[in-house]
Amino acid sequence: MAVISRSETIGGVVRSVRWASWLALGLALSACSPAASSPPVVEPALDVPRLDGGSVSPSTGGIRFGRVPPVVGARWGVSVEARSALADPQGGTQVSEYISSYTVEVLATNGPAPSRVRLAFDKNVQRYQGIDKATAVEGKSYVVVDAPPHVRDDAGGAASEDEAQRVLDMFPDLGTRTQIDQVLPDAAMEIGDSRNELAGAVLRVIHPRAWTLNAGTAVLARTDGQEAVFTIAIDATGTNGLRMDVTGEARVRLRDARLSRISLDGTYVPTNDSALERGTFALRRIVRDL
């Protein structure tokens with residue numbers, strides 16, 4: 001989907017299209033973000049986590065997150081849906097969406113983290129007013145490694161810059177422990193405890209480059225089966241000229257400290273255009289073992 005520049009806008013309708021499109025795509029893992037000059041070099045993790053399963057204390061309600069080393073052959077699926085909407089001056093609503101589903105398979109490990117994975121996209125589209133446009137990675141598969149070239153196509157060659165950056169945005173911590181894992185404590189947590197660093201780690205999962213955290217909170221609200229449920233709030237500014245204010249939940253598996261679900265809802269506003277109303281959006285990201 002082409003992004004319309006400020007110089008091309010004619011009235012509020014076109015501006016509404018631009019902001020609604022940027023919000024949904026900026027939230028979505030790799031859409032509509034500035035291309036990097038080269039893939040980042042991933043340094044190996046220096047700290048080694050405790051390797052055991054998680055637990056819940058029946059007497060206190062406290063929980064402890066386990067750390068389980070990755071296993072070659074492990075597979076999981078990820079689905080992401082982001083939707084933004086903004087009313088235009090003509091009485092209509094501009095709606096943009098990003099929809100993605102892909103599978104991951106661990107091919108090699110480096111201590112507590114995968115070092116080589118296969119990523120296969122089932123779907124990766126940008127949708128505007130109900131019309132889908134496939135991105136450069138839809139229907140393709142890649143091998144992602146923690147050494148250059150970081151992203152390789154099915155033939156073993158380096159992927160294009162655009163494709164490589166989209167893929168790397170989904171694996172910003174390849175070869176190291178994820179930030180979700182790193183910010184969660186080894187010590188037990190009690191219901192009501194704050195772990196505000198988790199808000200920034202969740203924002204990194206949403207997109208590692210497109211958003212800067214202004215403020216964030218995360219509170220352990222409850223357990224649900226073998227998952228810890230955190231209520232989170234994120235205030236962030238994007239490279240796309242938007243500021244978002246969202247609240248919701250992040251679910252983390254107890255057995256391996258893996259983020260299993262993000263559910264966010266909130267509003268956004270252009271930082272440099274006070275004439276526009278606030279838009280609304282929703283984001284859902286779900287991870288399932290295969």
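Nothing fancy with the numbering, it's 1 onward along the sequence.
Closest heavy-atom contact between Leu174 and Val145: CD2-C, 3.5 Å. In this structure, Pro70 and Ala113 approach most closely via the heavy-atom pair CG-C, 3.6 Å. Closest heavy-atom contact between Pro149 and Ala158: CB-CB, 3.9 Å. The minimum heavy-atom distance linking Gly111 with Pro69 is given by the pair O-CB, 4.5 Å. In this structure, Val269 and Arg278 approach most closely via the heavy-atom pair CG1-NH1, 4.0 Å. Nearest heavy-atom pair, Arg251 versus Leu259, reported as atom, atom and distance to 0.1 Å: O-CD1, 3.4 Å.
Between Arg177 and Asp173, no side-chain nitrogen of the basic residue sits less than 4.0 Å from a carboxylate oxygen of the acidic one, so the salt-bridge criterion is not met. At a threshold of 4.0 Å, the pair Lys140-Asp153 does not count as salt-bridged, since none of the basic side-chain nitrogens sits closer than that to a carboxylate oxygen. At a threshold of 4.0 Å, the pair Arg222-Glu249 counts as salt-bridged, since one of the basic side-chain nitrogens sits closer than that to a carboxylate oxygen. Contact check on Asp181 versus Arg67 returns a salt bridge, with a Lys/Arg side-chain nitrogen under 4.0 Å from an Asp/Glu carboxylate oxygen. A salt bridge links Arg253 with Asp289: the distance from a Lys NZ or Arg NE/NH1/NH2 to an Asp or Glu carboxylate oxygen falls below 4.0 Å.
Counting only distance, with no hydrogens or angles, the side chain of Gln129 and the backbone of Thr93 share a donor-acceptor pair below 3.5 Å. For Glu138 (side chain) and Asn124 (main-chain N/O), a donor-acceptor pair under 3.5 Å exists by modelled atom type.
Between the side chains of Ser260 and Arg258, no donor-acceptor pair is found at a separation under 3.5 Å. With hydrogens and angles left out, the side-chain atoms of Asp146 and Ser115 include no donor and acceptor closer than 3.5 Å. Residues Thr267 and Asp245 bring no donor and acceptor atom of their side chains to less than 3.5 Å of each other. Ser96 and Gln126 share no donor-acceptor pair across their side chains, judged by distance under 3.5 Å alone. Using a 3.5 Å distance cut-off with no hydrogens or angles, the side chains of Asn196 and Thr217 do not pair a donor with an acceptor. Under 3.5 Å, the side chains of Ser160 and Glu163 contain a donor-acceptor pair of N or O atoms.
Contact annotation: the side chain of Ile234 approaches that of Val246 to within less than 4.5 Å [non-hydrogen atoms, C-beta and beyond]. The shortest distance between side-chain heavy atoms of Val143 and Glu105 does not fall below 4.5 Å. Counting only heavy atoms from C-beta outward, the side chains of Thr237 and Trp211 never approach each other to under 4.5 Å. A heavy-atom distance below 4.5 Å is not found between the side chains of Gln182 and Ile180. At a threshold of 4.5 Å between non-hydrogen side-chain atoms, the residues Gln165 and His150 do not count as touching. Residues Arg118 and Arg75 form no side-chain contact, since every pair of their non-hydrogen atoms from C-beta on lies 4.5 Å or further apart. A heavy-atom distance below 4.5 Å is found between the side chains of Arg243 and Asn214.
How far CZ of Phe65 is from CG of Leu184: 5.0 Å, rounded to the nearest 0.5 Å. The structure places CG of Leu220 at 4.5 Å from CD1 of Ile63, a figure rounded to the nearest 0.5 Å. Atom CG of residue Leu283 and atom OG of residue Ser84 lie 11.0 Å apart, to the nearest 0.5 angstrom. To the nearest 0.5 Å, the span separating CD1 on Ile232 from CZ on Arg195 amounts to 15.5 Å.
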Worksheet item: Does the side chain to side chain donor-acceptor pair (under 3.5 Å) test come out yes or no for Glu81 and Tyr98, once each step is laid out?
Response: CA-CA 6 Å; Glu81 295 187 6; Tyr98 170 85; over 6 Å; no
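Under the 30°/60° scheme for interplanar angles, the aromatic rings of Tyr142 and Phe121 are found to stand perpendicular.
Summarising the local packing, CZ of Arg284 is surrounded by more than 12 heavy atoms from other residues, nucleotides or ligands at distances under 6.0 Å.
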